[in-house]
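What follows is one structure encoded as structure tokens, with my remarks underneath.
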Amino acid sequence: MMSIYRTNTCAELRKADVGKTVRLAGWIHSVRDHGGVIFIDLRDHYGMTQIVVDPEREFYRDLDHWRVESVVSFSGKVVARSENTVNPRLATGEIEVVAEGMEMLGEADVIPFQVAKDDSAPEALRLKYRFLDLRRDRLHRNIILRSQVISEMRRYMTEIGFNEFQTPILTASSPEGARDYLVPSRLHPGKFYALPQAPQQFKQLLMVAGFDKYFQIAPCFRDEDARADRSPGEFYQLDVEMSFVEQDEIFAVIEGMFERIFSKFSTKEFTHAPFPRIPYREAMRRFGSDKPDLRNPIEMVDVSEHFAGCGFSAFANVVANGGVVRAMRAPKVAGKPRKFFDDMIKFAQAAGAKGMAYIIWNGGEVKSPIVKFLTPEIVDALKVTGKVEDGDALFFLADKESEVMKVGGAVIPELGNQLGLIDPNVFKFCWIVDFPMFERDEETGQIIFSHNPFSMPQGGMDALMNKNPLDILAYQYDIVCNGIELSSGAIRNHLPEVMYKAFEIAGYAPEVVDEKFGGMINAFKLGAPPHGGIAPGVDRTVMLLADEPNIREVIAFPFNQQAQDLMMNAPAEATIKQLRELHLQVVLPKKERDKMEKAQEQSKQE
RNA sequence: GGGGAAGUAGCUCAAUUGGUUAGAGUACCACCCUGUCACGGUGGAUGUUGCGGGUUCGAUCCCCGUCUUCCUCGCCA
């Protein structure tokens with residue numbers, strides 16, 4: 001059906017349309033008033049078309065303003081532009097529309113920041129006027145990309161036999177994990193629903209129900225603080241669960257999904273399946289991180305044996321006391337000024353290191369503050385172990401292993417960035433596998449679950465009965481791209497006996513397990529298939545594809561860092577009536593009370 | 001909850017060592033201009049320098065407090 005507002009979009013008209021009478025509607029992107037002739041760029045979702053207006057036209061004389069971002073519709077004739085006025089940067093640049101009539105559909109006031117030009121407005125303002133910000137090219141494209149990525153995920157999952165399900169948004173609080181968002185119940189005074197942190201239990205129950213292959217573009221809610229790559233409040237994940245599978249079968253599904261998405265929506269190179277699998281402990285040892293950026297060639301190698309009993313007592317003592325010395329090779333830095341090395345040491349110290357040593361190999365000479373304490377044999381051995389080439393340097397960290405890993409995890413990306421070793425034009429994926437099932441709490445000394453208590457321990461019951469708990473690995477994995485964790489997943493523990501035993505090791509009696517996870521355990525007692533899954537983050541995936549450093553740039557209506565919606569003014573106070581219906585009473589912390597009293601005083605004075 | 005950075009016109013920024021009338025670009029308003037596409041030109045209006053206090057003859061600048069925003073640590077099965 002023909003629209004009364006337009007015959008064509010602003011991206012459609014070409015030379016072949018010359019002579020047609022058309023009607024276009026959109027936003028006034030820019031106005032160039034030359035006195036005798038006025039050019040208007042009319043913009044809609046699809047593109048832009050130049051409108052030519054004769055100022056003698058009645059509709060022009062009657063109008064006070066051509067204020068940008070007003071919504072108007074123009075009728076007129078499509079005309080070919082003369083050769084020297086064609087705009088090759090515009091898809092419609094070979095034609096223009098000579099306006100014969102115009103209708104103002106939605107006049108705009110003065111806008112708080114520019115839409116047409118790159119006006120770097122502060123984020124709070126952009127969030128308050130998000131609808132304006134979303135008109136801007138970059139953000140508009142990001143949100144479209146997000147929509148297309150989600151469509152493609154659905155298409156892929158459906159094609160390979162998965163069914164999409166919906167799970168409850170109002171559900172029960174889960175006792176472990178992140179902080180929940182709670183929703184008070186009106187019918188049940190004093191009781192609360194919780195918004196799901198993830199549909200974890202539901203998707204497992206769908207497997208127990210025999211549905212075999214589940215997916216959902218699932219909203220998840222966590223009341224935790226924000227980061228650049230973590231939006232507070234809510235986010236979306238491609239939630240996946242499969243029955244009768246082993247880890248590798250899940251990997252194949254997800255690798256296929258990422259291959260599909262990244263080949264379709266990015267021109268950059270990316271890792272093809274199978275993605276490298278790196279055991280957790282190896283990743284920590286080599287990169288000091290369980291989300292390594294594999295674009296960065298720098299990693300740690302153990303050189304403890306070379307420093308054991310050496311003349312550099314600071315390092316020799318660390319080794320003698322059970323610590324480690326690890327080296328990181330910085331390629332082609334021999335020409336760098338002293339300041340580079342001093343700054344790296346300062347950086348390491350800020351990350352918690354007591355210090356950082358280095359040795360530079362340059363044209364057969366060795367430069368280093370510590371070399372005078374070392375024999376030539378040790379220096380040569382370090383060169384071999386560190387795979388040093390002439391012009392390279394080694395940086396050394398010595399401490400307890402956990403400290404060295406922590407500092408190395410900070411220094412490695414910093415070195416990679418500073419030395420320009422990270423190629424922005426590739427995506428490097430990897431799986432981190434074999435997470436430990438248990439770890440020792442450093443403060444209390446107790447054995448605790450190190451990640452997910454519901455993962456299947458490798459070796460099953462036998463391992464739980466006979467192995468040192470700290471040596472037991474779980475079928476638990478992460479997928480990482482360019483240093484960003486896209487998802488965790490696991491083969492689940494579907495055997496009640498194994499579950500009770502795992503919880504027993506972590507210090508939970510069977511009654512406690514029944515009380516907290518009774519629903520799941522009962523389901524597992526009535527015939528549960530082996531199953532597992534994963535849930536790659538949609539926001540982070542789009543962030544990578546759009547090359548955006550901040551997750552808010554790929555979310556249409558994000559919270560700010562304080563978990564507020566500045567446009568809708570959320571969260572907001574509830575009315576007395578609402579509170580009464582929900583049987584709630586608000587008790588503000590003192591700080592907030594003081595703030596409110598102050599605000600009330602001020603409004604009284606006014 | 002801790003640490004860091006920032007806060008000056010609607011927006012982006014400047015303002016010498018603390019110095020007298022706080023400037024520029026852009027947006028806005030008026031006028032001029034028939035081929036621009038970030039059009040150009042002339043002129044105009046626009047400020048509680050986040051807020052409160054202190055030091056000083058004098059504070060955008062120094063000090064204290066406070067608020068806001070971003071980044072970060074904790075947190076994120």
Side-chain angles (χ1 to χ4, degrees), chain A residues 29-43 48-56 64-69 79 81-90 92-93 96 98 108-129 132 174-180 196-198 200-201 220-233 235 350-352 406 410 435 437 448-455 474 476 478 485 487-490 492-493 506 516-517 535 537 549-550 552 560-562 564 566 589 591 594-595 598-599 602:
Chain A
H29 187 75
S30 73
V31 180
R32 295 176 294 281
D33 185 344
H34 289 252
V37 60
I38 299 153
F39 299 103
I40 289 174
D41 288 334
L42 193 68
R43 183 196 74 233
M48 213 136 59
T49 301
Q50 176 163 282
I51 311 290
V52 184
V53 176
D54 176 352
E56 294 304 314
D64 286 341
H65 297 288
W66 289 106
R67 209 170 263 147
V68 289
E69 295 308 314
V79 171
R81 296 201 196 185
S82 67
E83 209 173 298
N84 58 329
T85 61
V86 163
N87 183 353
R89 289 197 306 273
L90 215 55
T92 59
E96 57 198 7
V98 177
D109 227 328
V110 176
I111 50 178
F113 54 82
Q114 298 306 297
V115 170
K117 298 172 186 177
D118 188 21
D119 169 352
S120 48
E123 201 176 16
L125 197 72
R126 291 176 50 207
L127 289 172
K128 184 169 178 193
Y129 297 95
L132 266 188
S174 68
E176 27 60 64
R179 201 174 293 120
D180 284 315
Q197 297 177 22
Q200 182 66 38
Q201 299 198 39
C220 303
F221 305 88
R222 293 179 192 174
D223 187 6
E224 296 295 347
D225 289 354
R227 288 292 179 276
D229 65 353
R230 196 169 83 204
S231 192
F235 60 94
K406 192 184 87 186
F435 278 82
M437 188 80 201
I448 55 172
F449 288 112
S450 64
H451 290 88
N452 185 340
F454 305 110
S455 304
Q476 154 117 31
D478 281 2
E485 182 192 318
S487 177
S488 285
R492 321 295 174 188
N493 184 348
K516 286 186 168 178
F517 312 109
N550 191 306
R552 290 183 291 270
N560 69 1
Q561 205 193 28
Q562 276 67 44
Q564 294 166 301
L566 298 175
K591 210 171 150 189
D594 293 348
K595 228 196 275 179
K598 232 185 204 172
Q602 269 177 3

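Below, read A as the first sequence line, B as the second, and so on, with proteins coming before strands; counting in each chain starts at 1.
Of all nucleotides present, none satisfies the Watson-Crick or G-U wobble test against C75(B) with each distance under 3.5 Å. For G23(B), the paired base is C13(B) (Watson-Crick or G-U wobble, both distances below 3.5 Å). With a cut-off of 3.5 Å on both Watson-Crick or G-U wobble distances, the partner of U36(B) is given as none. Nucleotide G18(B) has no partner under the Watson-Crick or G-U criteria, as no pair reaches both atom distances under 3.5 Å. Across all strands shown, U56(B) has no partner, as no Watson-Crick or G-U wobble contact with both distances under 3.5 Å is found. Taking a pair to require two hydrogen-bonding distances under 3.5 Å in either a Watson-Crick or a G-U wobble arrangement, C28(B) pairs with G44(B). Partner assigned to U8(B) is none, using Watson-Crick or G-U wobble distances below 3.5 angstrom.
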- Might you work through the side-chain contact (heavy atoms from CB on, under 4.5 Å) test for E96(A) and T85(A), ending with a clear yes or no? CA-CA 10 Å; E96(A) 57 198 7; T85(A) 61; 5.5 Å; no
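One finds a side-chain N or O of S30(A) lying less than 4.0 angstrom from the OP1 or OP2 phosphate oxygen of C39(B). For A27(B), neither phosphate oxygen OP1 nor OP2 lies less than 4.0 angstrom from any side-chain nitrogen or oxygen of R67(A). OP1 or OP2 of C71(B) has at least one side-chain nitrogen or oxygen of R552(A) nearer than 4.0 Å. The side chain of N550(A) places an N or O atom within less than 4.0 Å of a non-bridging phosphate oxygen (OP1 or OP2) of C71(B).
Ring-to-base geometry does not place H34(A) in a stacked arrangement with U36(B) (centre distance under 5.5 Å, plane angle under 30° required).
When the nucleotides C70(B), G10(B), C37(B) are ranked by their closest atom to the side chain of T85(A), C37(B) comes out on top. The listed nucleotides are C37(B), U69(B), G74(B); the one nearest the side chain of D225(A) is G74(B). Considering only side-chain atoms of A178(A), the nucleotide from C76(B), A38(B), C39(B) that sits closest is C76(B). In this structure, the nucleotide among C76(B), C28(B), G35(B) sitting nearest to the side chain of V68(A) is C28(B). Checking U36(B), U26(B), C28(B) against every side-chain atom of Q114(A), the shortest atom distance belongs to U26(B).
Taking H29(A) as the reference, nothing meets the ring-ring contact (aromatic ring centres under 6.0 Å, His included) condition, with sequence neighbours excluded. In this structure, F221(A) has no ring-ring contact (aromatic ring centres under 6.0 Å, His included) partners at least two apart in sequence or on a different chain.
In this structure, R81(A) and Q50(A) have side chains that are in contact, with non-hydrogen atoms separated by less than 4.5 Å.
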Quick test: give all pairs of protein nitrogen or oxygen and nucleotides 40-44 of chain B nitrogen or oxygen below 3.5 Å, distance rounded to 0.1 Å.
none

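For E224(A) and G74(B), a side-chain-to-base donor-acceptor distance below 3.5 Å is absent, hydrogens and geometry of angles not being considered.
Using a cut-off of 4.0 Å between Lys/Arg side-chain N and Asp/Glu carboxylate O, D225(A) and R230(A) are scored as not salt-bridged.
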